[in-house]
**Q** 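Sending over a structure as structure tokens; questions will come in a sec.
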Amino acid sequence: MNTYIKFVIAAIFIGFGIFLMFNRNIGWGIVMVILAAIPILLFYKNEYILLAFWQLRKQNFEKANQFLSNIKNFESQLHKSQYGYYHYLIGLTTAQENNPAKTEALMKKALDYGLNMKHDRAMATLNLAAGAMAKGRRQEATKLLEEARSLDSAGMMTDQIKMLKEQLKMPSMQKHMHNPHMRQRGKFH
């Protein structure tokens, strides 16, 4: 639903509430004016994003992805303050599909659009660090992990950060590494 249609619905509720108040139905008029707050609230907090957050909290990524797929054109359906969270939620659902390149791009977009909560920025940065580590960019991954640690003031992601730091300490298997047990081959051997 277009975001401005919600304001029209709220205006109709308020108008009907005032009409009822003038016709001596003050109780129902007040109820209608209070109900007008729901579409106004949904203007700033999209219903599909709220439902996707609820499903992610229950660890139901498939259902969260279904709710997010109902948003066809995020620029017309969402308020600008929700663009970052839209990409953040899609990034979290694609992270479960083991698609680090797509997740990394979505998390970068989410951080570019802006996330209000510190722990959300920390989670997005942690996903970027994991993507950088998967691509072999160790310095960038270390920098992003430190940034995620500083953003995680509540300590909710200390285990994940510690696990990724341990993985960074492990030697990487290079593509050109040869088997040391193979016999030497060459012109002079």
Side-chain angles (χ1 to χ4, degrees), residues 1-23 25-131 147-148 151-157 160:
M1 178 187 315
N2 193 322
T3 54
Y4 297 104
I5 291 175
K6 295 173 185 174
F7 278 129
V8 172
I9 293 170
I12 291 171
F13 278 4
I14 291 171
F16 190 62
I18 291 171
F19 172 76
L20 287 173
M21 285 184 208
F22 278 121
N23 287 326
N25 289 322
I26 295 173
W28 284 110
I30 292 172
V31 168
M32 290 304 291
V33 171
I34 292 172
L35 285 177
I38 294 172
I40 293 172
L41 172 73
L42 292 177
F43 175 78
Y44 293 105
K45 302 289 183 193
N46 187 279
E47 60 272 10
Y48 293 125
I49 289 182
L50 291 174
L51 290 169
F53 264 121
W54 177 257
Q55 292 301 322
L56 283 177
R57 192 168 192 201
K58 295 188 325 183
Q59 300 291 315
N60 192 346
F61 294 97
E62 187 177 310
K63 200 106 173 180
N65 202 13
Q66 287 176 355
F67 284 124
L68 291 170
S69 66
N70 289 331
I71 300 173
K72 303 296 183 210
N73 183 3
F74 73 94
E75 291 173 335
S76 69
Q77 286 182 280
L78 301 176
H79 190 262
K80 286 183 181 181
S81 64
Q82 295 176 323
Y83 291 177
Y85 278 100
Y86 172 71
H87 288 91
Y88 173 70
L89 290 172
I90 291 178
L92 286 178
T93 57
T94 57
Q96 300 303 313
E97 300 169 2
N98 292 330
N99 190 350
K102 189 174 180 182
T103 302
E104 187 176 6
L106 287 166
M107 290 299 175
K108 280 183 182 177
K109 276 186 182 179
L111 288 172
D112 288 343
Y113 282 123
L115 299 171
N116 297 334
M117 306 296 279
K118 260 183 146 180
H119 62 273
D120 293 333
R121 289 193 305 264
M123 179 62 91
T125 308
L126 187 67
N127 277 304
L128 286 176
E147 185 180 340
L151 285 171
D152 185 28
S153 58
M156 292 171 26
M157 290 170 249
Q160 290 94 338

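All values below were derived from every heavy atom in this structure, side-chain atoms included, with hydrogens, water molecules and symmetry-related copies excluded.
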**Q** Any chance you could measure L128, atom CG, to E147, atom CD, to the nearest 0.5 Å?
**A** 8.5 Å
**Q** Would you tabulate the side-chain donor-acceptor contacts of residues 106-113 under 3.5 Å, counting partners in other chains and residues two or more places apart, or write 'none'?
**A**
none

**Q** Just jot down the side chain to side chain donor-acceptor pair (under 3.5 Å) partners of Q55, sequence neighbours excluded, or say none.
**A** N60
**Q** With I38, which of L41, I40, L35 fulfils side-chain contact (heavy atoms from CB on, under 4.5 Å)?
**A**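 Testing each of L41, I40, L35 against I38, the sole residue satisfying side-chain contact (heavy atoms from CB on, under 4.5 Å) is L35.
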**Q** Can you measure from CD1 (I90) to OG (S69) and round to the nearest 0.5 angstrom?
**A** 9.0 Å
**Q** On a heavy-atom basis, which atom in Y83 and which in L78 lie closest, and how many Å separate them?
**A** CE2-O, 3.6 Å
**Q** About how many Å separate CG of L68 and CZ of F61, when rounded to the nearest 0.5 Å?
**A**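 One gets 12.0 Å once the value is rounded to the nearest 0.5 Å.
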**Q** How long is the gap from NE2 on H79 to CD1 on I49, to the nearest 0.5 Å?
**A** 12.0 Å
**Q** Between T103 and G91, which heavy-atom pair has the shortest distance, and what is it?
**A**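 Heavy atoms only, the tightest pair is CG2-O, 3.5 Å.
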**Q** Can you name the nearest heavy-atom pair linking Q77 to K72, along with the distance?
**A** OE1-N, 2.7 Å
**Q** Roughly how far, to the nearest 0.5 Å, is the CG atom of L92 from the CG atom of N65?
**A**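 Nearest 0.5 Å value for the CG-CG distance: 11.0 Å.
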**Q** Which word best sums up how the rings of Y88 and Y85 line up, parallel for under 30°, tilted for 30 to 60°, or perpendicular for over 60°?
**A**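 Answer is perpendicular, since the angle exceeds 60°.
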**Q** Given M32, which partner from the list I18, I14, L20, N25 fulfils the side-chain contact (heavy atoms from CB on, under 4.5 Å) test?
**A** L20
**Q** Using the rule given for side-chain contact (heavy atoms from CB on, under 4.5 Å), can you reason through N116 versus Q82, listing the C-alpha separation, both sets of side-chain angles and the distance that settles it, and then say yes or no?
**A** CA-CA 10 Å; N116 297 334; Q82 295 176 323; over 6 Å; no
**Q** Could you measure the distance from the CD atom of E47 to the CD1 atom of I71? Nearest 0.5 Å is fine.
**A**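 The CD1 atom of I71 is 8.0 Å from CD of E47, to the nearest 0.5 Å.
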**Q** Parallel, tilted or perpendicular for Y86 and F74, by the 30°/60° rule?
**A** parallel
**Q** If you compare all heavy atoms of I9 against all heavy atoms of P39, which two are closest, and at what distance to 0.1 Å?
**A**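 Here I9 and P39 meet closest at CG2-CG, 3.9 Å.
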**Q** Would T93 and L56 count as a side-chain contact (heavy atoms from CB on, under 4.5 Å) if you check the C-alpha gap in whole Å, the side-chain angles of each, and the deciding distance to 0.1 Å?
**A** CA-CA 8 Å; T93 57; L56 283 177; 4.2 Å; yes
**Q** Of all heavy-atom pairs between I30 and M21, which one has the smallest distance, and what is that distance?
**A**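 Minimum heavy-atom contact is N-CE, 3.7 Å.
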**Q** Testing the basics here: between L89 and A52, what is the closest heavy-atom pair and its distance to 0.1 Å?
**A**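 Shortest heavy-atom contact: CD1-CB, 4.1 Å.
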**Q** Please determine whether side-chain contact (heavy atoms from CB on, under 4.5 Å) holds for the pair R57 and F53, giving the CA-CA distance in whole Å, both sets of side-chain angles, and the decisive distance to 0.1 Å.
**A** CA-CA 6 Å; R57 192 168 192 201; F53 264 121; over 6 Å; no
**Q** Give the C-alpha distance, both sets of side-chain angles, the deciding distance and a yes or no for side-chain contact (heavy atoms from CB on, under 4.5 Å) between Q160 and L126.
**A** CA-CA 8 Å; Q160 290 94 338; L126 187 67; 3.7 Å; yes
